[in-house]
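Remember, it's 1-based here, ligands and their atoms both numbered in the order they're listed.
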Amino acid sequence: MIDSKPITNQQTITLIGAGLVGSLLAVLLAKRGIKVELYERRSDMRKADISAGRSINLALANRGIYPLEQAGLMDKVKPILTTMKGRMVHDMEGNENFQSYGQREEEVIYSVSRGDLNKICLDAAEKTGLVNIYFNQNCESVDFDSNQIHFKNAITNDETLVCFNQLIGTDGSASAIRDAIHQIESSQHDVLELGHSYKELRIPAGKNGEFQIDKNSLHIWPRGGYMLIALPNEDASFTVTLFMPTQGDISFESLDNHEKVSEFFELHFNDTISFLPSLKEDFFANPTGRLATVKCSPWHYKNKALLLGDAAHAIVPFHGQGMNCGFEDAIYLAETIDEHSNDNIDWGKIFEQVDQNRKPNGDAIADMAIENYMTMRDSVRDVKFLLKSAIGFELEKQFPSHFCPRYSMVMFHRLPYSEAKQRGVIQEEILTKLAENVTELKGVDFDLAKTLVLKKLSKVNLNP
Ligand SMILES: Cc1cc2nc3c(=O)[nH]c(=O)nc-3n(C[C@H](O)[C@H](O)[C@H](O)COP(=O)(O)OP(=O)(O)OC[C@H]3O[C@@H](n4cnc5c(N)ncnc54)[C@H](O)[C@@H]3O)c2cc1C
């Protein structure tokens, strides 16, 4: 075991985990003159041919774009984005129905490669000259009495003790830093298994390099208890994800041979078969990922440690917000540091403020993400849901300072998730009332709508 020297420079932060959140946070901290020691258990994805981990591409929305802008990275990120303007819903008969996500031109989300985005952040972090990245270093444990971290090299098995001043865990949903904090601090730590899992498949580009289904949509095949989705990639392929129960009659467990997989797709997703040439091979070659929500508290320990990103709040992927929320955590920390920059920096105060502000928001998006699974796999094909969406857009047009559809609040704006959730509950009551006994938008009582909106909803600040 090799011991490192204590860190003497007070402005050095040690980060564990160079995934999306850790690498972006390193850039944001370095921009504030803070030196960063960043440890990652995997190899350098820019050199080794390793997958970036689960989910090849991700939906990037406003909350994630703002921190990337603040880090000065959007010029690099823009060229690798594919715009998704809405959901393309595919029914059992093979018909397509496009549902716009928003009603303004800029109200879109983007598909982005996880690996490429991570590489941009890693490059930018190194370029600052203030970030040292150590790969193949697995954090095994933390001793908060001596401020030391125990690492094991994933290739050589060499063990090292490294000193830290402040430690931030951006080490994902199975966080070692979370375990370390919760061993010494009385804590609440819930892992809520969804009971559903996912598997990634692939629609390749067409023969002439073209997109085989609409390029600018997030495609959904909703089937009630399960669903298939597809997000576009820059190379004209689509990453397809099947979400379904882990066990049971229709489940990953029950699809245990090639024939059953073929039969299942022929029956439920027949229109995708011609686009999925390696369906059976991919189905058995690719891992099945389990889905769970992690809620924990506290997110920090004194002035010594803080959790951000999935380490603090792993959520299910149905709102496309896990990374976006983690990026928002990162910019919130950076801006909190700015607020305190005239004082002698009190990390205990900063970590506590981040914990108090971000925890309710992490919990809120976790809940909304679970609710959105039902919306995606079921409600999007329900006429009442479509009518309520249309009424929601109309209310937004008529009362823009009071009403904004919940999906838009989460995806296109930056008001706190907890506020979006609270307002969403009231708005849903209003929409349910207005959609009662009505089948078309023109039948809606807009005098009643005005009374309800102005009485029940305060003015909204969408981008505080
Ligand atoms: C199927 C799926 C689809 C998703 N789609 C979306 C989407 O569309 N939009 C969206 O915003 N989010 C999405 N997410 C969520 C998103 O992937 C996560 O929220 C995001 O990756 C969190 O980033 P992170 O940096 O906190 O954690 P991670 O990405 O998990 O990174 C953690 C890093 O820490 C390293 N590490 C872990 N343990 C240690 C250790 N002990 N020592 C050293 N290093 C360690 C890991 O190797 C990794 O590099 C999706 C998730 C899934 C599963």
Practice problem: Determine, considering heavy atoms only, which of Tyr134, Phe318, Tyr198 sits nearest to atom 1 (C) of ligand 1. | Solution: Tyr198

Exercise. For the pair His268 and Tyr226, name the ring-plane relationship: parallel under 30°, tilted 30 to 60°, perpendicular over 60°.
Key: perpendicular

Practice problem: Would you mind running through ligand 1 and noting each atom that sits below 4.0 Å from a heavy atom of Gly320? | Solution: 7 (C), 8 (O), 9 (N), 10 (C), 11 (O)

Exercise. Answer yes when Lys152 and Glu140 have at least one side-chain N-carboxylate O distance shorter than 4.0 Å, and no when they do not.
Key: no

Quiz item: Is any N or O atom of Leu58, backbone or side chain, closer than 3.5 Å to an N or O atom of ligand 1?
Solution: no

Quiz item: Gln137: heavy atom below 4.0 Å from ligand 1, yes or no?
Solution: yes

Exercise. Give the single entry among Asp329, Asp310, Leu25 that approaches atom 22 (C) of ligand 1 most closely by any heavy atom.
Key: Asp310

Quiz prompt | Per atom 52 (C) of ligand 1, closest listed option by heavy atom (Pro317, Gly289, Cys139) | solution = Pro317

Quiz item: How does Thr170 reach ligand 1, if at all, at less than 4.0 Å between non-hydrogen atoms: by side chain, backbone, both, or neither?
Solution: backbone

Quiz item: Under 3.5 Å, is there a donor-acceptor pair between the Glu352 and His300 side chains?
Solution: no

Exercise. Please identify which atoms of ligand 1 are closer than 4.0 Å to at least one heavy atom of Ile16.
Key: 42 (N), 43 (C)

Exercise. Taking atom CE of Met374 as the centre, report whether more than 12 heavy atoms of other residues, nucleotides or ligands fall under 6.0 Å from it.
Key: no

Practice problem: Could you tell me whether Asn57 and ligand 1 have an N or O pair separated by under 3.5 Å? | Solution: no

Quiz item: Counting only heavy atoms not in Lys260, do more than 12 sit closer than 6.0 Å to its NZ atom?
Solution: yes

Exercise. Provide the number and element of each atom of ligand 1 under 4.0 Å from a heavy atom of Arg42.
Key: 47 (O)

Quiz item: Numbering the atoms of ligand 1 from 1, which are under 4.0 Å from a heavy atom of Leu20?
Solution: 21 (O), 25 (O)

Quiz prompt | Identity of the nearest option to atom 8 (O) of ligand 1, non-hydrogen atoms only, from Gly322, Ala59, Ala314 | solution = Ala59

Quiz prompt | More than 12 heavy atoms from other groups under 6.0 Å of CD on Glu210 | solution = yes

Practice problem: Evaluate whether atom CG of Asp249 has more than 12 neighbouring non-hydrogen atoms of other residues, nucleotides or ligands under 6.0 angstrom away. | Solution: no

Quiz item: When only distance counts, is Asn324 in polar contact with ligand 1, meaning an N/O pair under 3.5 Å?
Solution: yes

Quiz prompt | Heavy-atom nearest neighbour of atom 44 (N) of ligand 1 within options Met323, Lys199, Arg41, Lys152 | solution = Arg41

Quiz prompt | Element-labelled atoms of ligand 1 that are located less than 4.0 Å from some non-hydrogen atom of Asn138 | solution = 40 (C), 41 (N), 42 (N)

Exercise. Might you work through the salt bridge (charged side-chain N to carboxylate O under 4.0 Å, His left out) test for Arg381 and Asp91, ending with a clear yes or no?
Key: CA-CA 8 Å; Arg381 53 193 185 157; Asp91 71 16; over 6 Å; no

Self-check item: Gly309 neighbourhood, listing ligand 1 atoms whose heavy-atom distance to it stays under 4.0 Å
Solution: 26 (O)

Quiz item: Among Asn303, Ile34, Ile337, which one satisfies side-chain contact (heavy atoms from CB on, under 4.5 Å) with Ile345?
Solution: Ile337

Quiz item: Side chain or backbone of Glu200 under 4.0 Å from ligand 1, or both, or neither, by non-hydrogen atoms?
Solution: neither

Quiz item: Hey, is CZ on Arg46 packed in by over 12 heavy atoms from elsewhere, all under 6.0 Å?
Solution: yes

Quiz item: When rounded to the nearest 0.5 angstrom, what distance separates CD in Gln137 from CG in Asn153?
Solution: 5.0 Å

